[in-house]
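The structure appears right after this line, and notes come after that.
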Number of protein chains: 2
Amino acid sequence: MLRVSKLTDYATVVMACLAARGSDLASAQALADSARLEVPTVSKLLKQLAQAGLVVSTRGVNGGYRLARAPEGITIADIVIAIEGPIGMTECSVHSGTCGHEPHCGVRVNWRRINQAIAGALASVTLAEMSRPSARRSVSTPLRVASA
Amino acid sequence: MLRVSKLTDYATVVMACLAARGSDLASAQALADSARLEVPTVSKLLKQLAQAGLVVSTRGVNGGYRLARAPEGITIADIVIAIEGPIGMTECSVHSGTCGHEPHCGVRVNWRRINQAIAGALASVTLAEMSRPSARRSVSTPLRVASA
DNA sequence: CGAAACAGGACTGAAATAGTACTGTATCAG
DNA sequence: CTGATACAGTACTATTTCAGTCCTGTTTCG
């Protein structure tokens with residue numbers, strides 16, 4: 001099945017919990033409770049999200065995490081990229097030269113365009129929308145990507 | 001990285017080769033040569049594609065495969081689903097009840113909408129377009145999915 | 001009958017994923 | 001100053017999935 005990893009899924013849940021807490025600091029422990037996940041797992045995710053600049057951490061007693069910017073400014077694409085790395089449906093659409101079939105592969109260029117469409121779909125949904133279960137907004141994306 | 005499996009990638013190449021041959025029968029061997037892939041791999045893919053109804057097979061001497069319908073009527077989504085199964089970014093968006101977090105998970109509904117957007121993006125590109133490297137058409141999708 | 005070609009299933013090695021543990025460092029309370 | 005709390009970074013392991021291969025059976029044609 002074409003899907004994101006479980007960790008990416010968890011990351012969106014954790015980020016939604018953080019969004020719900022506004023600018024208050026939340027410890028990994030508290031977030032694990034909210035998200036009903038294991039502490040080590042949440043901790044690992046938060047570290048990756050911090051490195052990606054999506055959350056900021058405060059160390060020491062009464063430390064914790066908070067969002068680096070408003071939920072409206074964080075997209076699902078940001079979270080997916082933070083956990084999984086760059087979005088690319090095929091290997092050759094991210095790294096050239098690893099396939100060996102490229103010179104005579106007629107489908108490569110088209111995959112790149114599909115990649116952009118999917119990245120656009122993920123980038124069009126913000127964390128703020130994700131946190132609202134009953135969001136009425138339909139998913140419409142700026143999918144008019146440049147050819148080739 | 002968010003991506004389709006290699007086999008799915010190969011399947012699109014094999015399907016593009018079949019599209020190039022029109023309604024002529026092509027053996028697994030001949031397709032493997034065209035796609036520069038191993039025969040067993042291509043054979044395995046063709047079996048799955050046949051079960052999904054995308055190609056039809058003819059047994060016996062001078063047998064082989066051909067597309068089940070015109071390349072314009074086969075989409076990338078069809079191929080992805082044939083090889084990988086249903087498109088779903090998260091487990092819970094395909095199978096309900098396996099997560100345990102569903103009752104209090106605010107992001108589930110939103111993932112379903114993202115799924116539909118991505119499925120739409122994949123369904124908007126046909127095999128005919130995939131076979132044309134210089135296709136000028138931009139990827140635009142009917143992404144106005146129903147809310148929730 | 002025998003060769004060609006698809007059908008179906010089983011098997012294996014490699015790689016990615018998910019989860020866990022341990023050590024280190026920074027901050028604050030007392 | 002000392003200890004407790006909480007994040008940072010690294011390493012490890014078990015599980016699962018993926019990719020690839022092989023074998024046996026069935027169908028068709030010469």
How close or far is atom P of dG19(C) from atom CG of L37(A), stated in whole angstroms?
9 Å
Regarding dT26(D), can its base be found pairing with the side chain of R59(B) as donor and acceptor, where the two atoms are less than 3.5 Å apart?
yes
Is there side-chain contact between M130(A) and I114(B), with heavy atoms separated by less than 4.5 Å?
yes
Please give me the minimum heavy-atom distance between V56(A) and A68(A), naming the atom from each residue.
CG1-CB, 4.0 Å
Rounded to whole angstrom units, what separation is found between the CG atom of L46(B) and the C1' atom of dA7(C)?
12 Å
Identify, between L7(A) and A28(B), the residue whose nearest nucleotide on DNA chain C lies closer to the 5' end.
A28(B)
Base, sugar-phosphate alone, or nothing: which one does K47(A) contact when heavy atoms must sit under 4.0 Å apart?
base
When we call it a touch if two heavy atoms are under 4.0 Å apart, what does Q48(B) touch: a base, just sugar-phosphate, or nothing?
nothing
Do D9(A) and R3(A) have side-chain heavy atoms sitting under 4.5 Å apart?
no
At less than 4.0 Å, is any side-chain N or O atom of Y65(A) found next to OP1 or OP2 of dA8(D)? Yes or no.
yes
Distance check needed: dT5(D) P versus L25(A) CG, whole Å only.
18 Å
When the distance from NZ of K44(B) to C1' of dT21(D) is rounded to whole Å, what number comes out?
9 Å
To the nearest angstrom, the CG-P distance between L49(B) and dG8(C) comes to 13 Å
Integer-rounded Å distance: dA15(C) P and R3(B) CZ
13 Å
NA contact type, Q29(B), heavy-atom cut-off 4.0 Å: base, sugar-phosphate, or nothing?
nothing
Test I74(A) against every option in T126(A), L127(A), L18(A), V55(A) by the side-chain contact (heavy atoms from CB on, under 4.5 Å) rule and name the one that passes.
L127(A)
Could you check S5(A) against T8(A) for side-chain contact (heavy atoms from CB on, under 4.5 Å), going step by step and ending with a plain yes or no?
CA-CA 5 Å; S5(A) 72; T8(A) 303; 3.1 Å; yes
Would you say S5(A) places a side-chain N or O within less than 4.0 Å of OP1 or OP2 belonging to dA16(C)?
no
Tell me which of A26(A) and T8(B) sits closer to the 5' end of DNA chain D, going by the nucleotide each one is nearest to.
A26(A)
Please work out if S43(B) contacts a base, only the sugar-phosphate, or nothing of the nucleic acid, heavy-atom cut-off 4.0 Å.
nothing
Nearest-Å distance, CG (L45(A)) to P (dG19(C))?
9 Å
For dG19(C), does either OP1 or OP2 sit under 4.0 Å from a side-chain N or O belonging to Y10(A)?
yes
5′-ward residue of the pair P40(A)/V61(B) relative to DNA chain C
V61(B)
Closer than 4.0 Å, any side-chain N/O of Q51(A) to the OP1 or OP2 of dA8(D)?
no
